[in-house]
Amino acid sequence: GNIAIERERAMSFCSKLFGREQGAAKKESTILLTETAFAAMFPRAEKDWYPWILATLERYDISTPQRIAHFLSQIGHESAGLTRVQEWMN
């Protein structure tokens, strides 16, 4: 899929999830990414990814709706929805 389309979908999803506009600058707690929301975004991902994603959001201060959306869309794209963790060198 096209990463721009995936990013737009993630931005829209996160905007609805956080109840604010995409460009909002107010810092939010990473707990806003609930396990239910995570499962909805990555339905084929293993459940044990969730705490690692929360820890990453916290560690790197990925705390606004826009930054969370960009991060999730990027890792989702790069890992086929968190189902692949190995590079394919073809």
Hey, could you give me the [atom1]/[atom2] distance between [X] and [Y], rounded to the nearest 0.5 Å?
X: Thr56; Y: Phe71; atom1: OG1; atom2: CZ; value: 5.0 Å
X: Glu35; Y: Leu54; atom1: CD; atom2: CG; value: 8.5 Å
X: Arg84; Y: Glu78; atom1: CZ; atom2: CD; value: 14.0 Å

For the pair Arg67 (side chain) and Asp61 (backbone), establish whether a donor and an acceptor sit closer than 3.5 Å, ignoring hydrogens and angles.
-> yes
Under 3.5 Å, side chain of Tyr50 to main-chain N/O of Leu33, donor-acceptor pair present?
-> yes
Residues forming a ring-ring contact (aromatic ring centres under 6.0 Å, His included) with Phe42, sequence neighbours excluded | Phe38
Nearest heavy-atom neighbours spanning Gly81 and Ala45 = O-CB, 3.8 Å
Taking only residues two or more places apart in sequence or in another chain, which ones pass side chain to side chain contact (heavy atoms under 4.5 Å, CB included) with Thr83?
-> Arg44, Ala80
Show your working on side-chain contact (heavy atoms from CB on, under 4.5 Å) between Trp49 and Val85 and close with a plain yes or no.
-> CA-CA 11 Å; Trp49 274 107; Val85 293; 3.3 Å; yes
Give the intermediate values and the outcome of side-chain contact (heavy atoms from CB on, under 4.5 Å) for residues Leu72 and Met41.
-> CA-CA 9 Å; Leu72 294 177; Met41 293 175 80; 3.5 Å; yes
